[in-house]
Amino acid sequence: MKAKLIIASPLQLINAIEAKEYLGIKNIDITFFSDGNFTNERQIALLLEKLKIETTLATIKIPKNPSFLKRVLFLKKLNKKKSNVDTYEYVIIGHFRSIYQASYANLYDTKYIFLDDGTRTLDDIAFLNMFGYNTTAYKLKKLLYGFLLLKPYLISKEYTFFSYYAKKVQVKGHIHLLENNFSFIKQQRIKKGLKVEKKIAFVGQSLVDSKLVTLDSYIILLKDIDRHYRKEYEKGITIEYYAHRNESDEVLELIEKIPNWKIIKNELPLELHFLFSSQFPEEVGLFFSSVAETLSIILGNELRLRSFFIPSDKLLYRKEEIENLFEANRNSENIQLVSNY
């Protein structure tokens with residue numbers, strides 16, 4: 001049994017490997033859509049090495065901020081990159097609403113398995129639960145792309161997701177959920193009951209660079225979190241800020257000016273960073289990153305997780321979606337939500 005894995009990030013790769021193991025697939029090859037982010041590319045290579053995954057890896061560079069014409073030309077070129085493999089039992093897809101991944105997946109007539117792409121998956125499933133690709137806007141886009149002999153959407157009567165949100169979402173009959181409980185990743189951990197270091201880990205997100213919050217608001221939020229921690233822990237405790245791979249130096253330089261905050265650029269995704277670590281922090285703090293969900297599944301109650309609420313007036317868009325994510329953290333058994341800090 002052979003499968004094609006189509007991914008664009010380290011998290012998608014972790015989920016794809018879990019899907020491979022869940023489905024009992026012996027042989028894989030991987031197509032990695034790279035946006036040129038060196039950290040992404042390095043983590044992909046290191047993940048395959050650490051997890052001892054035997055595969056061939058083909059990298060396809062995607063255009064940055066392309067015009068419509070350049071996007072069309074790139075999608076045309078994708079048609080020539082089909083693997084010389086007659087049959088895949090499955091094509092496992094990192095993000096089904098990526099037009100690049102969808103266009104490439106449509107070259108193969110087989111079973112599709114869709115993966116989680118962080119918290120975006122909840123929005124993707126909601127999209128399919130509602131009208132999906134049946135809206136007038138998507139029908140017009142489909143006609144336009146069809147005229148250009150392109151298929152950038154994965155339109156199907158049924159969708160199968162391999163998801164760690166399987167127990168947390170309600171789906172209609174055309175959506176099937178397979179639960180990802182990270183069985184394979186959990187097996188990689190040998191040591192338990194690790195020594196706890198006198199430090200706090202805080203998970204960075206590219207909220208400023210994605211223009212979800214202003215830089216001033218983000219720094220104010222972090223300083224409020226710092227004061228909250230100082231009331232509970234000794235004043236000199238170090239807070240290690242694990243930078244998101246898409247955060248700019250401008251943002252990180254300001255964060256590093258907060259006393260006792262230290263910027264960490266981890267080589268592995270945080271799920272594996274803590275899994276392979278010889279020491280744990282006192283706790284992991286974050287806003288609404290999907291890392292909270294994945295760490296709570298992989299490490300259970302071994303690692304304290306605390307989510308800090310962002311008031312909706314600080315958010316520039318995605319307000320309802322993000323409020324729902326915080327509500328999910330509020331209802332989680334392994335994540336503590338802090339609303340007032």
Side-chain angles (χ1 to χ4, degrees), residues 1-9 11-12 14-25 28 87-143 145-146 150-184 288 290 292-294 296-297 318 320-333:
M1 187 184 296
K2 189 175 181 70
K4 161 72 75 176
L5 276 52
I6 303 173
I7 54 104
S9 72
L11 177 59
Q12 290 179 22
I14 290 173
N15 293 333
I17 291 168
E18 287 290 342
K20 162 194 176 298
E21 296 294 321
Y22 179 92
L23 296 166
I25 296 166
I28 59 170
T87 304
Y88 288 111
E89 187 71 20
Y90 295 97
V91 171
I92 300 173
I93 302 154
H95 184 217
F96 93 99
R97 278 206 278 180
S98 159
I99 63 171
Y100 302 134
Q101 293 187 38
S103 296
Y104 189 64
N106 274 322
L107 298 177
Y108 304 95
D109 183 18
T110 188
K111 300 172 188 174
Y112 296 141
I113 302 292
F114 304 105
L115 303 172
D116 288 331
D117 185 32
T119 56
R120 282 198 296 187
T121 301
L122 297 172
D123 184 56
D124 293 339
I125 291 175
F127 168 80
L128 290 177
N129 268 334
M130 296 294 288
F131 300 104
Y133 293 110
N134 292 317
T135 62
T136 301
Y138 270 111
K139 286 179 180 178
L140 290 173
K141 289 178 183 179
K142 184 184 174 185
L143 282 173
Y145 280 117
L150 296 171
K151 293 175 66 178
Y153 305 124
L154 284 161
I155 300 173
S156 177
K157 291 182 179 179
E158 295 185 338
Y159 297 85
T160 299
F161 280 82
F162 180 69
S163 174
Y164 42 77
Y165 294 112
K167 291 183 177 179
K168 297 191 174 186
V169 294
Q170 299 293 322
V171 294
K172 294 185 178 178
H174 65 299
I175 305 172
H176 305 285
L177 298 177
L178 306 175
E179 186 181 358
N180 177 9
N181 59 16
F182 294 103
S183 297
F184 176 72
F288 56 87
S290 64
E293 189 71 29
T294 54
S296 69
I297 296 171
R318 292 176 62 194
E320 184 178 354
E321 176 196 346
I322 291 170
E323 284 178 2
N324 290 336
L325 294 174
F326 280 122
E327 189 61 27
N329 286 349
R330 188 189 307 278
N331 296 326
S332 172
E333 294 180 1

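Fair warning: this is a prediction, and the values are worked out from it, not measured in the lab.
In this structure S98 satisfies the side chain to side chain contact (heavy atoms under 4.5 Å, CB included) test together with H95, Y100, Q101, sequence neighbours excluded. Considering only residues two or more places apart in sequence or on other chains, F288 meets the ring pair (Phe, Tyr, Trp, His ring centres under 6.0 Å) condition with F326. For K141, the salt bridge (charged side-chain N to carboxylate O under 4.0 Å, His left out) test picks out no residue, with sequence neighbours left out. In this view, F127 and Y133, Y138 satisfy the ring pair (Phe, Tyr, Trp, His ring centres under 6.0 Å) rule, not counting sequence neighbours. In terms of the ring pair (Phe, Tyr, Trp, His ring centres under 6.0 Å) criterion, Y90 has no residue partners (sequence neighbours excluded). For D117, the side-chain hydrogen bond (donor to acceptor under 3.5 Å, both in side chains) test picks out Q12, R120, with sequence neighbours left out. Not counting sequence neighbours, E323 has no partner by the side-chain hydrogen bond (donor to acceptor under 3.5 Å, both in side chains) test. By the side-chain hydrogen bond (donor to acceptor under 3.5 Å, both in side chains) test, K4 pairs with D29, T31, S83, Y104, sequence neighbours left out. For E327, the salt bridge (charged side-chain N to carboxylate O under 4.0 Å, His left out) partners are R330, not counting sequence neighbours. Contacts of K168 classified as salt bridge (charged side-chain N to carboxylate O under 4.0 Å, His left out), with partners at least two apart in sequence or in another chain: E293.
Of all heavy-atom pairs between M1 and L23, the closest is SD-O, 4.0 Å. Heavy atoms only, all atoms of each residue included: L177 and A166 are closest at CD1-O, 3.7 Å. Taking each heavy atom of S103 and P152 in turn, the nearest pair found is OG-CA, 3.2 Å. Nearest approach of I175 to I125, heavy atoms of both residues: CD1-O, 4.1 Å. Nearest approach of I297 to N180, heavy atoms of both residues: CD1-O, 4.4 Å.
In this structure, the side chains of V169 and L122 come closer than 4.5 Å at one or more pairs of heavy atoms. The closest side-chain heavy-atom distance from F96 to Y112 is not below 4.5 Å. Residues I25 and I92 form a side-chain contact, since some pair of their non-hydrogen atoms from C-beta on lies under 4.5 Å apart. L115 places none of its side-chain heavy atoms less than 4.5 Å from the side chain of F161. The closest side-chain heavy-atom distance from H174 to Y159 is below 4.5 Å.
Judged by distance alone, with hydrogens and angles left aside, the side-chain atoms of T119 form no donor-acceptor pair with the main-chain N or O of S290 at under 3.5 Å. Side chain of D116 to backbone of Y164: a donor-acceptor contact under 3.5 angstrom is found. No donor-acceptor pair closer than 3.5 Å links the side chain of S332 to the backbone N or O of A328.
A salt bridge (Lys or Arg N to Asp or Glu O under 4.0 Å) check over residues 156-167, counting only residues at least two apart or in different chains, returns the pairs K167-E179. For residues 122-140, every residue pair satisfying the salt bridge (Lys or Arg N to Asp or Glu O under 4.0 Å) rule, not counting sequence neighbours, is listed here: R97-D123, R97-D124.
Atom CG of L5 and atom CD1 of I113 lie 11.0 Å apart (nearest 0.5 Å). Between the NZ atom in K20 and the CD1 atom in I17 there is a gap of 8.0 Å [rounded to 0.5 Å]. Interatomic distance, L107 CG to I6 CD1, rounded to the nearest 0.5 Å: 8.0 Å. How far CD of E18 is from CZ of F162: 6.0 Å, rounded to the nearest 0.5 Å.
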Please lay out, stage by stage, how T121 and F114 fare under the test side chain to side chain contact (heavy atoms under 4.5 Å, CB included).
-> CA-CA 10 Å; T121 301; F114 304 105; over 6 Å; no
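Within a 6.0 Å sphere centred on CG of D109, heavy atoms belonging to other residues, nucleotides or ligands number 12 at most.
Aromatic ring orientation, Y88 versus Y108: perpendicular (interplanar angle above 60°, classes split at 30° and 60°).
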